[in-house]
Amino acid sequence: MQAAATNASQKERKLTLPDGKALTFATPVTGYDVAKSIGEGLAKAALAAKLNGEVIDLHRPLFADGALEIVTRKSADALDIIRHDAAHVMAEAVQELFPGTQVTIGPSIENGFYYDFGRDTPFTTDDLAKIEAKMKEIVARNESFTREEWPRDEAIQHFEGIGERYKAEIIRDLPATETISVYKQGKWYDLCRGPHLPATGAVGTAFKLMKVAGAYWRGDSKNAMLQRIYGTAWRDQKELDAHLHMLEEAEKRDHRKIGREMDLFHMQEEATGSVFWHDKGYTIWRALENFIRGRIHRAGYQEVKTPQLFDSSLFKASGHWDLYGDNMFKVEAKADEKVFGVKPMNCPAHVQIFNQGLKSYRDLPIRMAEFGCCHRNEPSGAMHGIMRVRQFTQDDAHIFCRADQVEQEALDYFKLQLGVYRDLGFDKINVKLALRPGPNVRLGSDEVWDRAEDGLRNSLRAAGLDFEELPGEGAFYGPKVEFHLTDAIGRTWQCGTLQLDFNLPERLDASYIGEDSHRHRPVMLHRAILGSMERFIGILIEHHAGKFPLWLAPVQVVVATITSDADDYAKDVQKQLEKAGIRVKTDLRNEKINYKIREHSLVKAPQIWVLGKREAEEGKVAIRRLGSDAQEVLALADAIRKITEDSAVPQ
RNA sequence: GCCGACGUAGCACAGCGGUAGUGCAGCGGUUUUGUAAACCGAAGGUCGGGAGUUCAAUCCUCUCCGUCGGCACCA
């Protein structure tokens with residue numbers, strides 16, 4: 001912005017197009033002028049200009065020399081502007097329909113946009129239809145977007161004068177150097193940084209208002225609650241339809257729906273936030289747990305089991321009682337007896353095991369793992385199926401090590417973690433490195449933080465991981481690496497984590513004897529691969545839409561007979577499969593084979609072995625795999641050999 | 001916790017001031033069947049809990065609980 005202002009007065013504009021062609025124009029010149037000089041078609045298609053990487057209004061004078069690109073509907077940048085403009089069109093529609101509603105902010109977001117309105121009465125779903133219709137009118141009116149720059153004080157006065165308190169507040173909080181720009185579309189206008197399309201017609205009609213929701217002003221729960229309307233917007237109807245279709249498909253794989261259909265688990269009012277795992281769901285649980293168990297034992301971890309209830313003194317010492325006491329379950333067994341806390345995490349318990357006996361530097365690192373059941377009294381609104389619950393089991397571990405071992409331990413852990421994700425079918429993982437929070441809320445010296453952050457950074461690079469750094473997002477006791485997975489509906493879930501902690505060993509007085517025969521504090525690495533068993537199984541359900549890989553499937557084979565002639569043979573097949581360690585169910589019911597196939601396919605049995613008179617006589621099985629209607633007829637021994645191979649746990 | 005919507009049979013849903021219906025599942029019977037729904041029959045519900053308004057409440061009002069969509073939170 002500042003650089004732009006300094007050379008805005010130049011007489012000539014030297015521009016380079018994406019194809020490398022250099023052009024010179026007399027000032028003032030706009031993106032539209034340049035497009036027109038190239039061709040009428042381009043000028044017609046042009047939506048905005050991109051000057052040195054910054055998208056600006058098509059009709060705004062180009063304020064600097066450099067690279068120029070004309071943004072059309074085909075450009076990747078177009079979607080963002082369309083969505084942002086859709087938000088403006090929605091705000092205009094709302095203020096036209098509901099006078100007195102205050103505007104606040106309305107950004108473009110993934111897949112669409114939202115706008116937050118200040119208003120006493122919330123919008124109804126009927127209102128959405130009206131607003132959408134009004135938006136289409138505004139698009140049809142094709143009102144031109146025009147940019148104006150206003151003096152700051154006038155802008156504040158103006159918005160306050162018309163009762164737009166939120167807008168006035170926004171301007172007041174803008175840095176003094178920021179230009180105050182206002183965009184007009186027809187009679188309506190809004191404080192906005194831009195850029196915008198040439199006119200509302202360019203928004204098109206490939207948008208749809210999706211839902212109303214409450215949202216706090218400036219994202220702070222201490223502030224007033226605004227009325228947010230979410231919409232989705234696309235470049236054309238085809239894209240919109242595809243998006244809506246994707247949402248429908250995503251809904252079909254909702255873990256709550258599949259969990260019921262496949263009889264995996266349920267939840268009920270008497271135990272809000274806790275899961276009842278049914279036989280089939282708990283089978284998946286055990287398969288997953290044993291898979292992780294195999295991996296961590298090979299990686300040199302020990303496995304422990306620690307108590308659920310602790311005297312409150314332990315959590316007071318660890319600091320959790322003060323910080324998170326409100327979200328802990330507290331137990332008073334008898335009046336006048338001491339108060340217990342149900343553990344909300346396993347770390348203090350693991351330190352207690354570490355503290356048993358004297359540790360030498362030669363003992364380190366100690367990698368202590370636990371499938372630890374924890375309870376947190378999460379806010380009622382936070383609960384979500386089995387993804388966010390009040391009782392959950394972490395695949396937790398704490399690595400006690402020397403400072404000079406941190407980097408190698410972190411690197412080993414990343415490899416372990418990525419291997420697990422790969423074997424579970426996840427390739428796209430977003431890695432984030434949360435760095436030190438503000439100086440008044442963090443513990444430890446800058447040198448310690450430097451070393452900790454550099455250590456994690458180096459380990460991430462050594463593991464070949466791309467990562468995003470999040471300044472200020474670390475825990476008070478140390479930086480953390482977060483691993484985020486994306487579910488079927490596009491929501492992201494933080495699963496794995498590695499956190500460096502210099503604090504807890506100090507508070508709980510953990511120490512080891514160093515080479516110098518003096519006591520030293522170990523560094524503690526907190527880490528979880530899956531995060532929570534509950535959440536991860538939920539993610540797996542949605543990721544696979546219930547069609548689990550064979551090694552995880554709760555029932556791996558259903559043996560289904562065609563007539564009762566095959567019953568004895570079916571029982572024999574079942575026995576042999578069980579002997580081979582395959583999870584098998586047999587269906588001898590007096591039903592048609594069509595009926596059986598349908599029923600077992602609907603609950604996602606990976607394989608159905610169909611047995612009729614023919615198979616019984618020949619000692620064969622007809623295998624039908626989920627998702628295909630092809631049959632493979634094999635001799636029983638071959639079939640068992642094959643499924644044993646195919647259902648092997650990934651090594 | 002906050003804003004909004006919702007809660008009717010095991011599941012999916014309809015009904016909406018005069019004490020409830022459909023489909024599937026379940027149950028009983030008939031059917032022995034070759035790769036995604038055989039046929040017949042009977043049954044199943046204090047309409048989430050509590051209070052209020054009314055001659056009368058599943059329906060209206062209040063309140064509590066829970067679920068869902070967001071927001072905030074997530075050691």
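Please read these numbers as outputs of a predicted model, since none were measured by experiment. Chain naming here is simple, since letters A, B, ... match the order of the sequence lines and numbering starts at 1 in each.
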Whole angstrom value for the distance that separates P of B:A75 from CE of A:M345: 10 Å
Hey, is the side chain of A:Y216 pairing donor to acceptor with the base of B:G70 inside 3.5 Å? no
Does a donor on one side chain and an acceptor on the other come within less than 3.5 Å for A:T306 and A:Q352? no
Strictly under 6.0 Å, is that where the ring centroids of A:Y477 and A:H526 end up? yes
Mind calculating the distance between CZ (A:R119) and P (B:C71) to the nearest angstrom? 21 Å
When every non-hydrogen atom of A:V555 is compared with those of A:V558, the smallest separation belongs to CG1-CG2, 4.0 Å
By the 4.0 Å heavy-atom rule, please label A:P344 as base, sugar-phosphate, or nothing. base
Sugar-phosphate only, base, or nothing, as touched by A:E599 at under 4.0 Å among non-hydrogen atoms: nothing
For B:G1, does OP1 or OP2 lie under 4.0 Å from any side-chain N or O of A:S380? yes
Could you please name the option among B:G26, B:C71, B:A75 that lies closest to any side-chain atom of A:R589? B:G26
Taking the nucleotide of RNA chain B with the nearest heavy atom to each, does A:F123 or A:D220 sit closer to the 5' end? A:F123
Phosphate OP1/OP2 of B:C74 contacted by A:R535 side-chain N/O (<4.0 Å): no
For B:C13, give its Watson-Crick or G-U wobble partner with both distances under 3.5 Å, or none. B:G21
Ignoring the backbone of A:S564, work out which of B:G69, B:U32, B:G34 is nearest its side chain. B:U32
When both hydrogen-bonding distances must be under 3.5 Å and the geometry is Watson-Crick or G-U wobble, what is B:U35 paired with, if anything? none
Let's test this: given Watson-Crick or G-U wobble pairing with both distances under 3.5 Å, identify the partner of B:G26. none
Grab the CD1-P distance between A:I608 and B:A37 for me, whole Å please. 12 Å
Atom-to-atom span, CE of A:M225 to P of B:A72 - whole angstrom: 9 Å
Selected nucleotide, minimal atom distance to A:A382 side chain, candidates B:C73, B:U35, B:G70: B:C73
So, is A:H384 near the phosphate of B:C74, with a side-chain N or O under 4.0 Å from OP1 or OP2? no
When you compare the side chains of A:E409 and A:Y413, does any donor N or O come within less than 3.5 Å of an acceptor on the partner? no
Integer-rounded Å distance: B:G34 P and A:L611 CG: 15 Å
Under 4.0 Å between a side-chain N/O of A:Y230 and OP1 or OP2 of B:C71, yes or no? yes
Of A:T124 and A:Y324, the one whose closest nucleotide on RNA chain B sits nearer the 5' end is A:T124
So does A:R260 get a side-chain nitrogen or oxygen closer than 4.0 Å to the phosphate oxygens (OP1/OP2) of B:A12? yes
Listed nucleotide nearest any side-chain atom of A:R228, set B:A36, B:C71, B:G34: B:C71
If you only use heavy atoms from C-beta on, which nucleotide in B:C73, B:C3, B:U35 is closest to the side chain of A:P122? B:C3
Just checking, any donor-acceptor pair under 3.5 angstrom between side chains of A:S313 and A:D311? yes
Contact class for A:R624 vs. all strands (heavy atom < 4.0 Å): base, sugar-phosphate, or nothing? base
Within a strict 4.5 Å, meaning less than it, do heavy atoms of the A:R376 and A:F392 side chains meet? yes
Across all strands shown, which nucleotide pairs with B:C60 by Watson-Crick or G-U wobble geometry, both distances under 3.5 Å? B:G52
Is A:L226 touching bases, backbone alone, or none of the nucleic acid, heavy atoms closer than 4.0 Å? nothing
Donor-acceptor pair under 3.5 Å, A:E615 side chain vs B:G34 base: yes
Reckon A:G385 touches a base, only the sugar-phosphate, or nothing at all at heavy-atom distances under 4.0 Å? sugar-phosphate
Looking at B:A38, I'd like to know if its phosphate oxygens (OP1 or OP2) sit under 4.0 Å from a side-chain N or O belonging to A:K592. no
A:E506 vs A:R521, salt bridge (charged side-chain N to carboxylate O under 4.0 Å, His left out): CA-CA, chis, key distance, verdict: CA-CA 7 Å; A:E506 182 76 35; A:R521 292 282 173 225; 3.2 Å; yes
Work out how far the P atom of B:C74 is from that of B:A5, and round it to whole angstrom. 28 Å
Expressed as a whole number of Å, how far does the P atom of B:C62 sit from that of B:G21? 30 Å
Reckon A:S221 touches a base, only the sugar-phosphate, or nothing at all at heavy-atom distances under 4.0 Å? sugar-phosphate
Please confirm whether any donor atom in the side chain of A:R218 sits under 3.5 Å from an acceptor in the base of B:C71, or the reverse. no
Nucleotide of B:C3, B:A72, B:A38 approaching A:E591 most closely (side-chain heavy atoms): B:A38
What's the closest nucleotide to the A:A622 side chain, out of B:G34, B:G70, B:A75? B:G34
Side-chain atoms of A:R388 come closest, of B:A38, B:C73, B:G34, to B:C73
For the pair A:F123 and A:F98, evaluate ring-ring contact (aromatic ring centres under 6.0 Å, His included) and give the outcome as yes or no after the intermediate values. CA-CA 10 Å; A:F123 296 106; A:F98 307 96; 5.5 Å; yes
Considering just the side-chain nitrogens and oxygens of A:R256, establish if one lies under 4.0 Å of OP1 or OP2 belonging to B:G69. yes
Assigned partner base of B:G66, Watson-Crick or wobble definition, under 3.5 Å: B:C6
